[in-house]
Each structure stands twice: as C-alpha cells, then as structure tokens.
Undergrad: 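Supplied in structure tokens, the structure appears directly below.
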Amino acid sequence: MQERYDHKRIEKKWQKIWADEDAFKTFDDFEKEKYYVLEMFPYPSGKLHMGHVRNYAIGDAVARFKKLSGFNVLHPMGFDAFGLPAENAAIKNGIHPAIWTESNIAEMESQLRDLGLSYDWEREVVTCREDYSIWMQWLFIKFFEKGLAYKKDNPVNWCPSCQTVLANEQVVDGHCERCKTPVTKKHLSQWYLKITDYADRLLDNLAKLPGWPEKVKLMQQNWIGKSHGSEVTFTIEGFDKDLVVYTTRPDTLFGTTFMVLAPEHPFIEELIAGTEYEEAARASIAECAHKSELERTSLTKEKTGVFIGKYAINPINDKKVPIFIADYVMIDYGTGAVMGVPAHDQRDFDYATKFGLDIIPVVDTGDPDIDINNLKAATPAEGIMVNSGKYNGRNNKDVIDEITQDLADRGLAKATTNYKLRDWLISRQRYWGCPIPMIYCEDCGWVPEKLENLPIRLPKDVVFTGKGESPLTTSKYFMHTTCPCCGKPATRETDTMDTFLDSSWYHLRYCDPQNVTAPFDSKIVNYWMNVDQYIGGVEHAIMHLMYARFFGMFLYDIGMVDYEEPYQNLLTQGMVIKGYTNADGEYVKAKMSKSLGNVVSPEEIMDKYGADTARLFILFAAPPEKELDWSDEGVEGSYRFLNRVYRLVSEYINSIRTDEAAGEVVIRSDADKSLNYQLNATIKKVSEDAGGRFSFNTAISSIMELVNEMYKYKQSASVNQPLLRDAIEKMLIALNPFAPHITEELWAELGHEDRIYQCSWPQYDESALVLDEVEIIIQINGRLKDKIVVPNGSPKELIEERANHSEKVIEAIAGKTVVKTIVIPGKLVNFVVK
RNA sequence: GCCGGUGUGGCGGAAUAGGCAGACGCACGGGACUUAAAAUCCCGCGAUCCUAACAGAUCGUACCGGUUCGACCCCGGUCACCGGCACCA
C-alpha cells in the first residue's frame, strides 16, 4: 500500500473500474423497491461551476446512500441543450449552435465523470437531439389535439435597435440584454399553452406535497394568485353597453368616486369617437403604447391618464361618477375596468389626489389617529361601515357577501374568482429550439404535422443575423410545405418552443430513454415515477417547477401516467458564495461570479485536492438548503481529514489484514466498549442524518468524531484487532456516499474482493448503545451546578438521593428552602430553591 | 407596498422532542518531533471578574418583555439583513 494519499491515481483508477464494471447501470426491475433521485439537469454552457458541483454532490450522496440501503436507484443525468447562448455564439463567432452545444456537452460530461458521480450514462437525455425533440413535438400535438395549445395575437417585448423579439428572460431592467436599448411592445401572433385551465389543480395539489419547502409552495401560490371577489355591473350614461368591473371589496362600493378603464379596453373607441375628448384620449392611449418597459415598471409609478367625458352609474346608489383611462389598470386581469375607491385603495387614492376627485370614506377603522374625513392615505381593511345607506354600522367583512347578493338579485353582480396566472406563451423567434410542429393552410387553418413526418428537423441553411424574425424564415426549404389535411401548399410555423417545455418532462424520458415508438412506456414510467427526491436551485421555484407539474397533470389526464405530481420531495439547495473585497475596501460575501472575481473553479480544486475532497467539503461546510460559504482553508481541512483516514488504514494495514483480525469481534476492555459504542452511535447518526433529513454536515462531523476516537483508541494498552478492523470497515462504508473513491481504495486494500458499491449499509447494534452508567446533570433553579454518574436505569428516588449528596448542591442550598425537585431519569435533577 | 426567511464564539456551523449552549471543522495560541521547515501528533481556545495556582463566580444564542422548575427552541413586540412578488383592483 502506498504511504501517501495520491488522490489523482486513486480517483482515476476507480472511475475506470466503475465504468468497466457498469457499476451504476440501472435495470427496470419491477420487483424491487425503487428510489428515483434527480438533480436538475444543466444547460451546457461550457464548464461546470461550483453550484453544479454542489447540486450533484448532494444528489450523489443521496443516490449512493439509497443504493447501499438496498433500493433500486435511478440516478440519471442529461443536458437541457436548446437555448439562446448557443445561438448568440453562432451570431458572434459563426459556429453552428449544434456544434457549439455538442462540444460543450462533451466537455461537461468529462468533468462530471471526473467527479465520480454514480450516473447511469446509458440513460443520458439531451433535449436538442432528434430522439428527444421528436417526442417533444409529439407531445405538443397532444396538447393541440386536446385544445390546450392555441395561437393568439399579443404584445411581445420588442427591441427597436436589434429589430427582434425578446423573451422575458432577455429583458433586463427594461433593457435589451444584448444592446441595452429600452424595450418596447409589439403585436405578434404567438402560441400559448392553456395552463390557466389547471390553475385550481396547480393550487390545490400543493397541499399534497408535504415534501416540498413551504417557501416554494407559497411562491407558487402567490404566482397563481387566486382571489375571490365580485363582478359588478355599472351602466354608462348615454351608452347602451354595461360596464363590468371586478372587485375584491364590494363593501366599498359606496365609496366609488370614479371609474378607470385600461387603455386597451374595447369600449373606449365608441365612447370617445367624435367627442371633444377624443384627441386627448387618443394621445394618452398612444403614449401608453409607446411607453417602454422601463417606464411602465418604473419605481415612481406616477399615475397618468385622462377623463373621457363620460359618466358611469353606480348600481348601489345610482350615483354618477366620471370615467378615466389610465394604464395602471391592466387589460388582462379582471375585466380591464376598475371602480375607483380612493378612501380604501392606495392606488385609487393617489389617482384621486392627482386629479382632484372626491374621497368618500365608507369603512371607519376606529383608529383615533386617522381622521376619516381628511385622509392622508387609503385606510386598511377592517372597520365599521359608514356613508353606505342601509349597511351602515356593521362590520365591513360581514356585508361583503350580502352586498354582492343584493346586487345579484337585481342581476347587477356575481361572485367570481380571478387568477394572476396567465397562459404560457411558448413561441420563441429563435432557431435553437424545438420546432413547433404546426402548419398553416389558407383553407384548413393551423393543422399539426403528420406523426409519420416527425421529427421536424431544424434546417441547416439559415442565416444568423440576430435581427428580424426567427432565423427559420431565412431557410429556403423549411417554410414551404403542403397541408397535411388537404395537400395544398402551406407554410410551417417558424417559431420554436420555449426550452421550458423540454425540461417539463425529461424526468420521464430518463425512465425509458431509448424508446423509439413513444415518448416513454407508461408501465416503465409508472414503476419509476414519481421522483422521490428532486434537487436543484430555488431559482426554479416557479417557472420550471410549475410547468413540470402542469405537464404531469396533463399526461395524467390523457392516461399516459398514473400520478399527477412529478416530484414527491424537493430540496432547494443554497447558493455557493465567497467573500471578496469590494470597491469600497469592505470584505463582503456574494454569489460566485466572474464580474466580482470571487469564482473558484471546480477543475482547480479537483486538480489540487481531488473530487473526494471537493465533495466532502461541499457537504460538510453547510446544510444543503443553506448558502455555502466557500473557504479555501476549509477545503484544506477536508483534505486533511481524508489523509487522516488514509493513514489510519495504512498504519494498521499489516495487522488488520489478517485472518485473525477478520474474525469475530469480542469486546474485552473498557476502551473496546467505548470504541464500539462510538462506532454504533455513528452508524445510527449517519443513517438518520443522511437518510432522513439530508443533514450531511452533521453526518460527516460524526464520522470525524469516530475517526478521532479511533486515533485515541490506538493509544490504548492492547488494540483489539477484530474490533478495529470492524470499525474501520463500517466507517469506510458510512463515508462512501460522500467520498467514494478513497473509501473504495481502502476497502480494496483491506483485502476485499467485492466493492463498497455492492455492499449493504451497516446496521447498528442497539445493545452496544446501552451504557452501564449515565451522567446526570444537577441544576439549581435551572442552572447547571454539578454532574453525577449513576447506573443506567436508576429510579428517580435513587437519583434524587445521590443528587442530595452532591457537595456542590449542599453548599448551594445552604440556608435556603428547596421548594420543588424535578427528576428526569437518565437526564437531570433540578432543585427549585428560594 | 405585500408575502416569506434568517439572526448563536474571530469564521462556517451544532444543539433532531423545552433539559449540560458552542459538537465537528477553520483560524489562532502553546507544546512534542526535526539541525531547520513542512507535514504529523498532543493541549488550549465565548466574554468579564477572581486566584500564585487548582478552583470558582457572573454574564452570554439580534433587542425588549412573557410563559415555564427550566427557553437558542414556545408566545407578544422591536430592530437588522436576505429572498420572492409587485399599479393584480
């Protein structure tokens, strides 16, 4: 055995052995209990960063632990390989996106192998390859067939300088990500998926996900934004159509002093045509339309708008109120019209103040600091009704339903529900994405491509200018085709799909990755799904995790899978941060980023210390869901520990690699007993920490304690060889999920023919954890005063008796009265004295 | 503005069920080994006071208060920082 811990040699050696032995190949063994652990697959940007390493170190610890614990573990990896950076590289450097992407994938695969992660590489899924995109297109057609995919004209983000459409992700603080020009709106016809049909299920099912962080569930809940309210019908003086508003506060109807329409409201044209207000109104609407994204979302939120010369009649009291147009009202939420109640809504208050409109309080909060007849701001939610006719004097909460009902009886209101969630816009005017398999025919409209013609392939003869429409429009061959329905000449959709579609079902393809007749076989998927443990960054809390849930429900509805929720348990890992000195000379901590210069590359760490050290440090330094504060000294510490483990084995290799040492363990001395206790306590703790709450930091610290104990044990009079060997072996298995290479190496050095990955997780011996004597703490008034040792299982009376004899206790209670004595066997005695 | 989270030594963190606060690691200090250094091994390491020393005392988990024999943990309030959403009626 080499004396020095040579991480490079050992890690290379074992990575080769695992590959040669197909160590992590997974079989669809339906008889065995399965465990599916999944890490969010990466975008192939070029190289792994520490965030990736953390993600996969956590996932691999779980996978290896579950495999050792006897589960049939599915632990796959792949690449979310469509996306904008590849196309930008093409525009900038003239490299085809496919070539750029595949070369990045090759690089990252090699880095993943260097980390020694236990993936079944035969199940690799790469979303840009045809064997995946064919089924992506197939699934899109399913959505279309079920009426869940539709095309609609809608405003999109437009960069006037690049002359192109931008995805929301490409709009940074209202500016174009590339040229920094303020982004405006433009109308384009776009494909949508009807995720809003699933709003209630997406919301209600959150309750069925106890294994998800509360935080993520709340974020999704807020994003869906379900609210209960009423639609109330106002009439417009001298106009034959009714104006419907949505409100969550029908109790404030009597406080309505104006009405506001969104600039896009369909009534506006008729209301202003030919009036003296027409010109001003048109100017205001045009201004809104030309407002940049930046101005619209600006922090000042200065209210603008105009009076249009018309009045609405409030159905509750027949009062006439002026109608305005203002862009603080959104056309796509509620009805695009809002009743202005300045006394009880801050935005309405701001508007009324600016335009000199009446402010009528209708709910008196009873707060003596607020003069309701001279409000300085809108008042909060609860109080007694005033200025509200027959409802006066009652609590406002109690009249909400009644007012709606009273109006409903006259056909002027109805209770409704609204959502913030919008349908999912999936069209991207991009080349490097999955083609949308739809064809437009003058006669038949939008029809899906025939299944036998899938996949639609991305053409090679395209020009990447970064301008105008989708690059697919520049292909000579792509656009023109024939209608699958009637055979007439027709044109293909040239937009591609949002890459979030690809990542909404990849976990299913891993289950059956080589299927050539379907996206997956339901029987196989139903065995492996759902994902028992999903691990990734919290930045995907809303979009990816909501879209994947939506896909899950859709596939359930069309009978392809027998579950609704894809991810049973979710772990959102924290960021990797590192301290640096900022421009002001302060030492601060922030997420690793090139611009701050606080990046540590995984390659550099793996070269210097090896994958085992990198993984061990990452798992040890912080609990997985918290931020990880990178520390170069901390990495040294983890490396030192692995060296300590290596030396422990190498020092004893000759004495414990014998038949005698491999024999039965007999506990002889107190030192033996103590080591055996520590060993079993460690196994118990690691089993619970690694298996239950993923608290790898404490699991590793307990292994460190055990190793410290073994070093102390070496100094005891007579070393019990079988015991030491047993302890070393179990320690190696327990450490294996966190540092797989070194533990396999030492296992082999001990003379084993098998591998740790083939072993079973060690069981702990309860009887070894039962101590002969236990320490009891003695408190006076809850403060520690003394400790005594009593036989394990001593009754209360004996413990109290012994505690009474403690010299320190006698001294402390001298001259005082013991009012009460609390005895908790095995733990403590507390004397309450006065 | 709305919603959520966090606050423990010089640092990362531990205390899983209300019962010894600070496990484990880092940094630092001392010692052993060495011609020397590195590596390694051993010891110490919250603050203040006291003692020649051993020992001991008091305070201490952001701040103020409460419940309890006993609170980092539960309850009420305050402050700070971080994250998400945001003109959603």
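Only a predicted model underlies this, so the values are computations on that prediction, with no experimental measurement involved. All chains are named by letter (A, B, ...) in the order of the sequence lines, taking the proteins before the strands, and each is independently numbered beginning at 1.
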Undergrad: Could you state the CD-C1' distance from A/Glu625 to B/A14, rounded to the nearest angstrom?
TA: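 My rounded result for the distance is 14 Å.
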Undergrad: Out of curiosity, A/Ile236 CD1 to A/Leu243 CG, how far, rounded to the nearest 0.5 Å?
TA: 4.5 Å
Undergrad: Cut-off 3.5 Å, side chains only: do A/Tyr328 and A/Asp348 have a donor facing an acceptor?
TA: yes
Undergrad: Categorize A/Val329 for me: base, sugar-phosphate, or nothing, with a 4.0 angstrom heavy-atom threshold over every strand shown.
TA: base
Undergrad: Nearest 0.5 Å, what's the CG-CG distance between A/Asn396 and A/Asp251?
TA: 4.5 Å
Undergrad: NA contact type, A/Lys808, heavy-atom cut-off 4.0 Å: base, sugar-phosphate, or nothing?
TA: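 Sugar-phosphate: the residue A/Lys808, judged by heavy atoms under 4.0 Å, touches backbone atoms but no base.
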Undergrad: Out of B/A15, B/G4, B/C41, which nucleotide sits closest to the side chain of A/Tyr711?
TA: B/C41
Undergrad: For A/His7 and A/Lys608, work out which heavy atoms get closest and say how close.
TA: CE1-O, 3.0 Å
Undergrad: Indicate, with a heavy-atom threshold strictly under 4.0 Å, whether A/Asp689 touches base, sugar-phosphate, or nothing.
TA: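 Since a base atom lies under 4.0 Å of A/Asp689, the category is base.
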Undergrad: Please report the distance separating the C1' of B/U8 from the corresponding atom of B/G12, rounded so that it comes out in whole Å.
TA: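 To the nearest whole Å, 12 Å.
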Undergrad: May I ask you to decide if A/Arg249's main-chain N or O and A/Thr247's side chain share a donor-acceptor pair within less than 3.5 Å?
TA: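 Yes; judged by distance alone, with no hydrogens or angles, the pair exists.
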Undergrad: What contact category does A/Arg4 fall into here, base, sugar-phosphate, or nothing, at under 4.0 angstrom with non-hydrogen atoms?
TA: nothing
Undergrad: With a 3.5 angstrom cut-off on both distances, give the Watson-Crick or G-U wobble partner of B/C74, or none if there isn't one.
TA: B/G66
Undergrad: For A/Lys217, answer base if it contacts any base atom (sugar-phosphate contacts may also be present), sugar-phosphate if it contacts only those atoms, and nothing otherwise; contact means non-hydrogen atoms under 4.0 Å.
TA: nothing
Undergrad: Need to verify one output field. Residue with the more 5' nearest nucleotide on RNA chain B, A/Ser702 or A/Lys712?
TA: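 So the residue in question is A/Ser702.
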Undergrad: Who does B/A23 pair with, Watson-Crick or G-U, both distances under 3.5 Å?
TA: none
Undergrad: With respect to the phosphate group of B/A89, does any side-chain polar atom (N or O) of A/Ser227 fall under 4.0 Å of OP1 or OP2?
TA: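 Indeed, a polar side-chain atom of A/Ser227 lies that close.
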Undergrad: Looking at the side chain of A/Tyr333, which of B/A15, B/C87, B/A89 is the nearest nucleotide?
TA: B/A89
Undergrad: According to the Watson-Crick and G-U wobble definitions, with both distances under 3.5 Å, which nucleotide is paired to B/G29?
TA: B/C43
Undergrad: Of the options B/G13, B/G12, B/A86, whose atoms approach the side-chain atoms of A/Asn697 most closely?
TA: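 Taking heavy atoms from C-beta onward, the closest nucleotide is B/G13.
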Undergrad: Would you call A/Asp332 and A/Arg422 a salt bridge, taking side-chain N to carboxylate O under 4.0 Å as the test?
TA: yes
Undergrad: Please report the distance separating the C1' of B/C82 from the corresponding atom of B/U40, rounded so that it comes out in whole Å.
TA: 42 Å
Undergrad: When we call it a touch if two heavy atoms are under 4.0 Å apart, what does A/Gly225 touch: a base, just sugar-phosphate, or nothing?
TA: nothing
Undergrad: Toward the 5' end of RNA chain B, which comes first, A/Gly336 or A/Lys215, by nearest nucleotide?
TA: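 Per heavy-atom nearest nucleotide, the more 5' residue is A/Lys215.
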Undergrad: Taking atom types as modelled, find out whether A/Tyr333 and A/Ser227 have a side-chain donor-acceptor pair closer than 3.5 angstrom.
TA: yes
Undergrad: B/G10 and B/G29: how far apart are their C1' atoms, nearest whole angstrom?
TA: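 Each nucleotide's C1' atom is 13 Å from the other's.
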Undergrad: Consider the side chain of A/Glu705, meaning its heavy atoms from C-beta on, and name the nucleotide among B/C3, B/G19, B/A23 that approaches it most closely.
TA: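 Nearest listed nucleotide: B/A23.
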Undergrad: Once you apply a heavy-atom cut-off of 4.0 Å, does A/Arg647 come out as touching a base, just sugar-phosphate, or nothing?
TA: sugar-phosphate
Undergrad: A/Leu784 has an atom CG; how far is it from atom P of B/U58, in whole Å?
TA: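 That distance rounds to 12 Å.
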Undergrad: Between C1' on B/C81 and CG on A/Asp629, what's the gap in Å once rounded to a whole number?
TA: 15 Å
Undergrad: Using atom NZ of A/Lys626 as one end and atom C1' of B/C82 as the other, report the distance to the nearest whole Å.
TA: 12 Å
Undergrad: Which nucleotide in the list B/G25, B/G4, B/G13 gets nearest to the side chain of A/Met704?
TA: B/G25
Undergrad: Once you round it to whole Å, what is the distance between P of B/C2 and CD of A/Gln346?
TA: 11 Å
Undergrad: Between the base of B/C20 and the side chain of A/Lys787, is there a donor-acceptor distance below 3.5 Å?
TA: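 Indeed there is one.
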Undergrad: A/Tyr580 and A/Ala590: which non-hydrogen atoms are nearest, and at how many Å?
TA: CE2-CB, 3.7 Å
Undergrad: Mind calculating the distance between CD (A/Glu636) and C1' (B/A38) to the nearest angstrom?
TA: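 Whole-Å distance recorded here is 12 Å.
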Undergrad: Look at A/Asn708 and B/G25 and indicate whether a side-chain polar atom (N or O) is within less than 4.0 Å of OP1 or OP2.
TA: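 It does, given that an N or O in the side chain of A/Asn708 lies less than 4.0 Å from OP1 or OP2 of B/G25.
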Undergrad: Between A/Arg693 and A/Asp689, does at least one N-O distance fall below 4.0 Å, as a salt bridge requires?
TA: yes
Undergrad: Just checking A/Lys354: does its NZ atom have more than 12 heavy atoms from other residues, nucleotides or ligands closer to it than 6.0 angstrom?
TA: yes
Undergrad: I need the CZ-P distance between A/Phe324 and B/A89, as an integer number of Å.
TA: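 Computing the A/Phe324:CZ to B/A89:P distance gives 22 Å.
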Undergrad: With respect to the side chain of A/Lys785, which nucleotide from B/C87, B/G13, B/A57 is positioned closest?
TA: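 Looking only at heavy atoms from C-beta outward on A/Lys785, the closest nucleotide is B/A57.
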Undergrad: In whole Å, what separates the P atom of B/C45 from that of B/A39?
TA: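 Looking at atom P only, B/C45 and B/A39 are 23 Å apart.
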Undergrad: Going by a 90° cut-off around 0, is B/G56 syn or anti?
TA: anti
Undergrad: When both hydrogen-bonding distances must be under 3.5 Å and the geometry is Watson-Crick or G-U wobble, what is B/U61 paired with, if anything?
TA: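 Across any shown strand, B/U61 pairs with none.
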Undergrad: Give me the distances for all protein-to-nucleotides 68-70 of chain B N/O pairs that come in under 3.5 Å?
TA:
from: B/C69; atom 1: O2'; to: A/Asn830; atom 2: ND2; distance (Å): 3.4
from: B/C69; atom 1: O2; to: A/Asn830; atom 2: ND2; distance (Å): 2.4

Undergrad: Identify which nucleotide among B/A89, B/U40, B/C3 has an atom closest to any side-chain atom of A/Arg640, counting heavy atoms from C-beta outward.
TA: B/U40
Undergrad: Determine which nucleotide pairs with B/A80, using a 3.5 Å limit on both distances of a Watson-Crick or G-U wobble pair.
TA: B/U6
Undergrad: Any strand is fair game: report the nucleotide pairing with B/G56 by Watson-Crick or G-U wobble, both distances under 3.5 Å, or none.
TA: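 Partner of B/G56: B/C49.
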Undergrad: Look at all strands and tell whether A/Glu627 reaches a base, only sugar-phosphate, or nothing, counting heavy atoms closer than 4.0 Å.
TA: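 Sugar-phosphate contact only.
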Undergrad: Paired with B/A36 by Watson-Crick or G-U wobble geometry, both distances under 3.5 Å: which nucleotide is it?
TA: none
Undergrad: Does a donor on one side chain and an acceptor on the other come within less than 3.5 Å for A/Asp200 and A/Tyr419?
TA: yes
Undergrad: To the nearest angstrom, how far is A/Ile325 atom CD1 from B/A89 atom P?
TA: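 Value for this atom pair: 22 Å.
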Undergrad: Among B/C42, B/G12, B/C24, which nucleotide has an atom closest to any side-chain atom of A/Arg644?
TA: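 The answer is B/C42, which lies nearest to the side chain.
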Undergrad: Quote, to the nearest angstrom, the C1' distance that separates B/G70 from B/U48.
TA: 25 Å
Undergrad: For the P atoms, the ones on B/C72 and on B/G9, what distance do you get once it is rounded to whole angstrom?
TA: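 Their P atoms lie roughly 14 Å apart.
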Undergrad: Roughly how many Å apart are B/G18 and B/C28, using the P atom of each and rounding to a whole number?
TA: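 Between the two P atoms, the distance is 38 Å.
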Undergrad: Counting heavy atoms from C-beta on, name the nucleotide in B/C11, B/A89, B/G25 closest to the side chain of A/Asp345.
TA: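 The closest nucleotide is B/A89.
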Undergrad: In the structure shown, which nucleotide is the Watson-Crick or G-U wobble counterpart of B/C85, with both distances under 3.5 Å?
TA: B/G1
Undergrad: Can you tell me how far P in B/G7 sits from the matching atom in B/C75, rounded to whole Å?
TA: 15 Å
Undergrad: On a heavy-atom basis, which atom in A/Ile703 and which in A/Phe738 lie closest, and how many Å separate them?
TA: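 Smallest heavy-atom distance, with atoms named: CD1-CE1, 4.0 Å.
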